[in-house]
Student: 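First the structure, which I've put down as structure tokens, then a few questions once you've had a look.
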Amino acid sequence: MTHPSIVILTGAGISAESGLGTFRDEGGLWAQHRIEDVATPEGFARNPALVVDFYNKRRAQAHEAVPNAGHTALARLKAEHKGEVLLVTQNVDSLHEKAGSTDVVHMHGELASALCANCGHRWNAPLHMEVGEACPACAQPTARPDIVWFGEIPYHMERIEEALSRADIFAAIGTSGNVYPAAGFVQMATYVGARTVEMNLDPSETVALFEETRPGKASVTVAQWVDDILNG
Ligand code: NAD
Ligand code: ZN
């Protein structure tokens, strides 16, 4: 295969070494809150101030964070690989972009973006969002973080599934395999005959579905994998 088409899925684990906690990290932002309160539309309807504050804190942390060798290696792969590379992330930070990757598919939204719940308009979120900020397009006080909450439909699914249907290689990095539809991408890739590889610190829920596993920290495993692809 001269120029394989590659689809990559990243999760919280790739940003862990940049200081952004994963969902299981003890003492982190997620440990202090219940998912139902801060990551569902119902939670936002009940207590918008709590939710806006939670994402303000995550946005401030993400703003300070710097990419690690895992993000940098993927940017290098995107720039140097002669075949297609689609980089899909479940992360809402901008560390792939800070490392130099362009056209990153944020299937769960982005801290850097605000969304109008009334008209669907999107704009650059301020570092500190207020509750009930006015939408620049329709002027309603219906701004919300542009985050895909539990019970909402992930973004860009058509583009992702289309790329998976043509993939020669699928790699999942730093994701626990708990949240669908992302956790099902390995099955779609396997179905079309792609080679599949998992790079994670601990085995994910779906590790048995992968052909190859490269356990360890993303800063090390991803850099090695990218070297192997580019030199292969
Ligand atoms: P996750 O926190 O569920 O899993 C992170 C994975 O990264 C773990 O399997 C861990 O072993 C691994 N990891 C940790 N450090 C690593 C490192 N240095 N290198 C490589 N791997 C490392 O995160 P996820 O899979 O991205 O979660 C998916 C989606 O779930 C998120 O985008 C979010 O929308 C949603 N979510 C999940 C939870 C939850 O409790 N699972 C809570 C809120 C939101
Ligand atoms: Zn609007």
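Both counts, for ligands and for their atoms, begin at 1 and track the order of listing. In this text, all values refer to a predicted model and were calculated from it rather than measured experimentally. Values below: all heavy atoms of this structure, side chains included; hydrogens, waters and symmetry mates excluded.
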Student: Any idea which protein heavy atom is nearest atom 12 (C) of ligand 1, and the distance to it?
Tutor: Asn200 OD1, 3.4 Å
Student: Does Asp53 pair with Arg58 as a salt bridge, N-O distance under 4.0 Å?
Tutor: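 Arg58 and Asp53: not salt-bridged.
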Student: With heavy-atom distances below 4.0 Å as the criterion, list the atoms of ligand 1 near Trp30.
Tutor: 43 (C), 44 (C)
Student: Where's the contact between Val179 and ligand 1, heavy-atom distance under 4.0 Å: side chain, backbone, both or neither?
Tutor: side chain
Student: Under 2.8 Å from the Zn ion (ligand 2), can any N, O or S atom of His121 be found?
Tutor: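 So His121 does not bind the Zn ion (ligand 2) by this criterion.
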Student: When the aromatic ring centroids of His33 and Phe54 are compared, is their separation below 6.0 Å?
Tutor: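 Judged by ring-centre distance (under 6.0 Å), His33 and Phe54 do meet the cut-off.
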Student: What residue and atom, counting heavy atoms only, is the protein's closest point to atom 5 (C) of ligand 1, and at what distance?
Tutor: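 I find the closest protein heavy atom is Gly174 O, 3.6 Å.
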Student: What's the shortest distance from atom 17 (C) of ligand 1 to any protein heavy atom, and which residue and atom give it?
Tutor: Gly13 O, 3.3 Å
Student: Side chains of Ser18 and Asn68 only: does a donor on one sit below 3.5 Å from an acceptor on the other?
Tutor: yes
Student: With heavy atoms under 4.0 Å as the rule, classify the contact between Ile173 and ligand 1 as side chain, backbone, both or neither.
Tutor: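 For Ile173, there is no contact with ligand 1 at all, from either part.
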Student: Answer with yes or no whether the side chains of Thr196 and Glu212 bring together a donor and an acceptor at under 3.5 Å.
Tutor: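 No pair is found: no donor N or O on one side chain lies under 3.5 Å from an acceptor on the other.
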Student: May I ask you to list the atoms of ligand 1 that are less than 4.0 angstrom from any heavy atom of Ala12?
Tutor: 2 (O), 23 (O), 24 (P), 26 (O)
Student: Between Gln187 and Phe170, is there a side-chain heavy-atom distance shorter than 4.5 Å?
Tutor: no
Student: Looking only at protein heavy atoms, which one is nearest to atom 18 (N) of ligand 1, and what is the separation?
Tutor: Glu17 OE2, 2.9 Å
Student: Under a 4.0 Å threshold between the charged nitrogen and the carboxylate oxygen, would Glu133 count as salt-bridged to Arg144?
Tutor: no
Student: Angle between ring planes, His81 versus His3, binned at 30° and 60°: parallel, tilted or perpendicular?
Tutor: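 Because their plane-to-plane angle is over 60°, the rings of His81 and His3 count as perpendicular.
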Student: Just go through Tyr180, Phe23, Trp149, Phe150 and tell me whose heavy atom is the nearest to atom 27 (O) of ligand 1.
Tutor: Phe23
Student: Roughly how far, to the nearest 0.5 Å, is the OG1 atom of Thr89 from the NE2 atom of His108?
Tutor: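 Rounded to the nearest 0.5 Å, the NE2-OG1 separation comes out at 9.0 Å.
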Student: List ligand 1 atoms under 4.0 Å from Gly11, heavy atoms only on the residue side.
Tutor: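 Those of ligand 1 that fall under 4.0 Å from Gly11 are 26 (O).
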Student: Could you tell me whether Asp37 and Arg46 have a side-chain N and a carboxylate O separated by less than 4.0 Å?
Tutor: yes
Student: Could you tell me whether Ala16 approaches ligand 1 through its side chain, its backbone, both or neither, with non-hydrogen atoms closer than 4.0 Å?
Tutor: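 Just the side chain.
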Student: Number the atoms of ligand 1 from 1 as they appear, then name those within less than 4.0 Å of a heavy atom of His108, with their elements.
Tutor: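 The atoms of ligand 1 under 4.0 Å from a heavy atom of His108 are 29 (C), 31 (C), 32 (O), 34 (O).
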Student: Is there a heavy atom of Gly216 sitting under 4.0 angstrom from any atom of ligand 1?
Tutor: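 Yes.
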Student: When you measure from atom 21 (N) of ligand 1 to every protein heavy atom, which one gives the shortest distance, and what is it?
Tutor: Leu201 N, 3.2 Å
Student: Check the surroundings of atom NE2 in His63: do more than 12 heavy atoms from other residues, nucleotides or ligands lie under 6.0 Å from it?
Tutor: no
Student: Which protein non-hydrogen atom lies closest to atom 19 (N) of ligand 1, naming both residue and atom, and how far is it?
Tutor: Ala218 N, 2.8 Å
Student: Are Ile229 and Leu74 connected into the same hydrophobic cluster when the rule is that any two of I, L, V, M, F, W, Y join if their side-chain heavy atoms are below 4.5 Å apart?
Tutor: yes
Student: Show the atoms of ligand 1 that are less than 4.0 angstrom away from any heavy atom in Asp202.
Tutor: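 What qualifies from ligand 1 is 11 (O).
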